[in-house]
Amino acid sequence: MANRAHTRLTVAALRRTKALRNLESRHWGDKITTPMQSVYIAGIGMTKFGKDPRSLAEIFCQAAQRALAESKIQEVDALFIGAMNPEEFTGDGNIASHIVGALGLTGIPASRIETASSAGAAALAAGFHAIASGCYRRILVLAAEKMTHLSTSATTRILAGVIDKRERQCGATMPALAAMITEKYRKKFRLSESRLGNMLCAVARKNHLNGSKNSHAQFQNAITRETYFASKFVATPLRLYDCSPITDGAAAVVLTSDKTDVRLSGIGQGTGPLSLQEREIFTSFPATKIAAARAYAMARVTPRDIDFAEVHDAFTPFEIISCEDLGFFPPGKAGDSTIAGKTAIDGALPINPSGGLKARGHPVGASGLAQVVEVTKRLRGQEPLKRAPKRGLTQSTGGMGTNNFVTILERADAPAVQNLWTPPPAPPVSPRGNLVSARSTDEGVIETFTILYVTPDGFLPPLALALVRDRHGALLMAQGEDNTQLKIGQEVFLRRVDGVFLFTVKSQIQKVQEAFMKFFRRKAAAPSSKNNRSGEQQ
């Protein structure tokens with residue numbers, strides 16, 4: 001019996017290998033590709049986001065059981081898990097083995113995927129490719145994080161681990177870097193402080209209103225304009241209501257090659273420089289543009305064919321920037337579109353109808369997969385929109401826009417679209433390299449800045465931080481030695497102490513003195529040059 005069983009397995013394996021080898025190749029552009037298996041969603045599950053007294057394993061298991069029950073699938077071929085940092089958040093490592101055992105699925109392949117705050121989307125992408133390649137038929141994708149049991153300072157420290165070490169040494173945090181990007185956006189598009197504030201307020205109010213209608217959301221209360229502007233600054237110009245909360249939660253998706261009512265039609269991933277010091281582009285995330293171009297091409301659609309989207313709004317300006325990167329609005333116009341109601345749940349293009357990370361909550365490793373759960377519910381009509389949607393999109397950001405994913409889902413009965421999108425030329429994303437000057441003293445100009453009021457351990461608020469371009473063209477992060485009113489373009493003195501750059505804004509008197517010194521140096525050099533010319537003529 002054992003030999004016959006082994007023979008049957010061997011024959012089946014040979015047939016499968018032969019079938020894979022016999023797949024007919026076809027050309028796609030200038031590349032040769034093989035047809036992929038279609039990938040569908042069989043079941044979804046999610047816990048209520050917020051403060052959860054249960055363990056990480058229990059949260060994982062509840063989401064998994066809900067997805068499996070909805071899918072009516074009893075057995076899966078593999079398990080992919082997205083989690084950002086359970087080692088530091090909970091002290092548990094080897095999380096894939098832990099969860100596969102807790103689910104009673106020991107024996108099947110299980111892997112943990114980590115791409116910072118886009119880990120849930122990365123786990124989905126891994127499951128997608130595993131089925132599309134023909135290796136597996138049914139896969140359980142899970143993503144979760146447990147964060148609320150730690151202090152805010154401890155959580156801030158862990159989250160800051162995904163940014164560049166040199167920037168952390170200055171006291172930079174995720175909100176600080178997001179604020180510096182926002183200030184650069186304001187300057188580029190010539191927005192007044194009040195105009196920018198109105199845009200960010202519109203995003204926050206919209207998403208909290210949407211969250212008030214989502215039973216799984218952490219925040220289920222709408223906020224007023226007065227409430228938004230009364231909230232304290234976290235890092236100028238970002239207020240409390242511009243920042244997503246600390247959250248516990250899990251999401252689950254069962255993927256299958258068997259046809260269901262929702263199909264994953266496109267998926268893309270892109271990466272970008274880790275450090276702000278290595279970037280030339282601050283008002284866009286090239287990683288999102290790359291991921292979007294790949295997803296649109298695979299799905300054979302354009303941004304105009306998307307009916308609604310779940311976008312990574314860990315900070316409200318990121319929703320604005322991402323909507324522009326995805327091709328929904330021209331650069332600099334997404335904020336005005338939000339104010340005009342175009343992205344509202346009853347608008348022309350609903351963005352974050354679930355409440356987004358801002359109101360639904362942001363258990364960092366889970367958010368990318370939770371977006372897919374939310375889109376699937378609306379495609380199935382479980383959470384209705386004003387118009388019955390055919391296609392939805394999710395966009396997930398890893399770190400400070402360094403590892404991003406775009407996923408397109410559509411109803412299986414959606415009519416085919418013949419449009420092929422030609423994306424605009426992608427900006428260069430190669431890092432500038434380490435151009436930081438070795439000089440202990442120097443001068444430079446402020447590229448962007450923030451005043452940080454919620455500081456990490458070891459730094460006292462308010463903390464002035466600036467990205468400074470020195471005289472040699474290098475960008476570097478520096479701490480302010482005073483709380484002088486900062487502006488982009490201000491000239492500063494730089495000095496380095498214990499490996500950290502400190503900056504002081506040049507006063508008007510110092511600028512005048514420098515101008516006089518340069519004038520007198522030129523004056524002193526002029527007679528000598530004249531005499532030299534006279535000597536040459538003789």
Side-chain angles (χ1 to χ4, degrees), residues 153 156-157 159-188 233-238 272-283 315 317 399-402 431-511 513-514:
S153 60
T156 300
R157 176 187 61 78
L159 294 175
V162 306
I163 65 178
D164 185 86
K165 183 177 181 180
R166 293 166 296 173
E167 294 170 352
R168 294 201 308 269
Q169 287 175 333
C170 286
T173 61
M174 292 289 282
L177 299 187
M180 296 171 84
I181 288 172
T182 307
E183 185 62 28
K184 190 70 174 177
Y185 184 96
R186 185 183 75 80
K187 180 71 172 180
K188 178 177 180 178
F233 282 112
V234 173
T236 58
L238 302 184
L274 179 69
S275 170
L276 256 61
Q277 298 170 122
E278 296 173 343
R279 305 183 192 193
E280 286 294 349
I281 299 171
F282 300 99
T283 58
F315 304 97
M400 195 51 59
T402 60
R432 292 165 43 85
N434 185 4
L435 300 178
V436 175
S437 170
R439 298 170 180 266
S440 58
T441 59
D442 208 333
E443 298 176 16
V445 175
I446 292 178
E447 190 80 21
T448 187
F449 67 92
T450 187
I451 305 296
L452 185 61
Y453 289 94
V454 180
T455 55
D457 291 341
F459 296 86
L460 295 176
L463 176 64
L465 295 173
L467 193 64
V468 177
R469 192 180 297 276
D470 72 8
R471 290 183 299 173
H472 313 286
L475 286 170
L476 51 92
M477 189 69 69
Q479 287 181 29
E481 294 195 83
D482 54 44
N483 291 322
T484 305
Q485 185 69 34
L486 303 181
K487 295 180 181 178
I488 291 177
Q490 277 183 321
E491 297 178 14
V492 297
F493 294 112
L494 288 166
R495 65 189 183 97
R496 188 162 60 177
V497 178
D498 296 330
V500 175
F501 282 96
L502 306 176
F503 74 88
T504 304
V505 175
K506 291 184 181 181
S507 68
Q508 198 62 36
I509 293 176
Q510 289 169 324
K511 291 180 183 179
Q513 289 174 339
E514 286 183 353

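What you see is a predicted model, and the numbers here were worked out from it, not measured in a lab.
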Lys/Arg-Asp/Glu bridge criterion (N-O < 4.0 Å) met for E280, R469: yes
Backbone N/O of T236 and side chain of T450: donor-acceptor pair under 3.5 Å: yes
Nearest-0.5 Å distance that lies between atom CD in E491 and atom CD1 in I446: 10.5 Å
Nearest heavy-atom neighbours spanning A478 and L494: CB-CD2, 4.1 Å
Pairwise side-chain contact, L238 with F315, heavy-atom cut-off 4.5 Å (strictly under): yes
L475/L276 under side-chain contact (heavy atoms from CB on, under 4.5 Å): CA gap, chis, key distance, verdict: CA-CA 8 Å; L475 286 170; L276 256 61; over 6 Å; no
Check: T504 and D482 side chains under 4.5 Å, non-hydrogen atoms: yes
Close side-chain approach of I181 and P317, heavy atoms under 4.5 Å: no
CD1-OG1 distance between I163 and T173, expressed to the nearest 0.5 angstrom: 6.5 Å
Residue pair L452 / A176: nearest heavy atoms and the distance that separates them: CD1-CB, 4.0 Å
Side chain to side chain, F503 and L486, heavy atoms closer than 4.5 Å: yes
E183 and I488, any side-chain heavy atoms less than 4.5 Å apart: yes
Full working for side-chain contact (heavy atoms from CB on, under 4.5 Å) between M477 and L177: CA-CA 10 Å; M477 189 69 69; L177 299 187; 3.7 Å; yes
Side-chain heavy atoms of V492 within contact of E443, under 4.5 Å: no
Closest non-hydrogen atom pair, T448 against M180: OG1-O, 2.6 Å
CZ on R168 to CZ on F459, rounded to 0.5 Å: 10.5 Å
Atom of T455, atom of P461 and distance for their closest heavy-atom approach: OG1-CD, 3.6 Å
Pair E167, S275: side-chain N/O donor-acceptor within cut-off below 3.5 Å: yes
Nearest non-hydrogen partners of V162 and G399, listed with the distance: CG2-CA, 4.0 Å
Ion pair D457/R157, N-O distance below 4.0 Å: no
Min side-chain heavy-atom separation Q490-K506 under 4.5 Å: no
side-chain contact (heavy atoms from CB on, under 4.5 Å) between K184 and L467, worked out: CA-CA 10 Å; K184 190 70 174 177; L467 193 64; over 6 Å; no
Geometric cation-pi criterion, K487 with F449: 6.0 Å, 45°: no
Carboxylate-amine/guanidinium proximity below 4.0 Å for R279 and E447: no
Interatomic distance, C170 atom SG to K165 atom NZ [nearest 0.5 angstrom]: 13.0 Å
Nearest heavy atoms of A235 and A179, plus distance in Å: O-CB, 3.4 Å
F501 side, atom CZ; Q277 side, atom CD - distance, nearest 0.5 Å: 8.5 Å
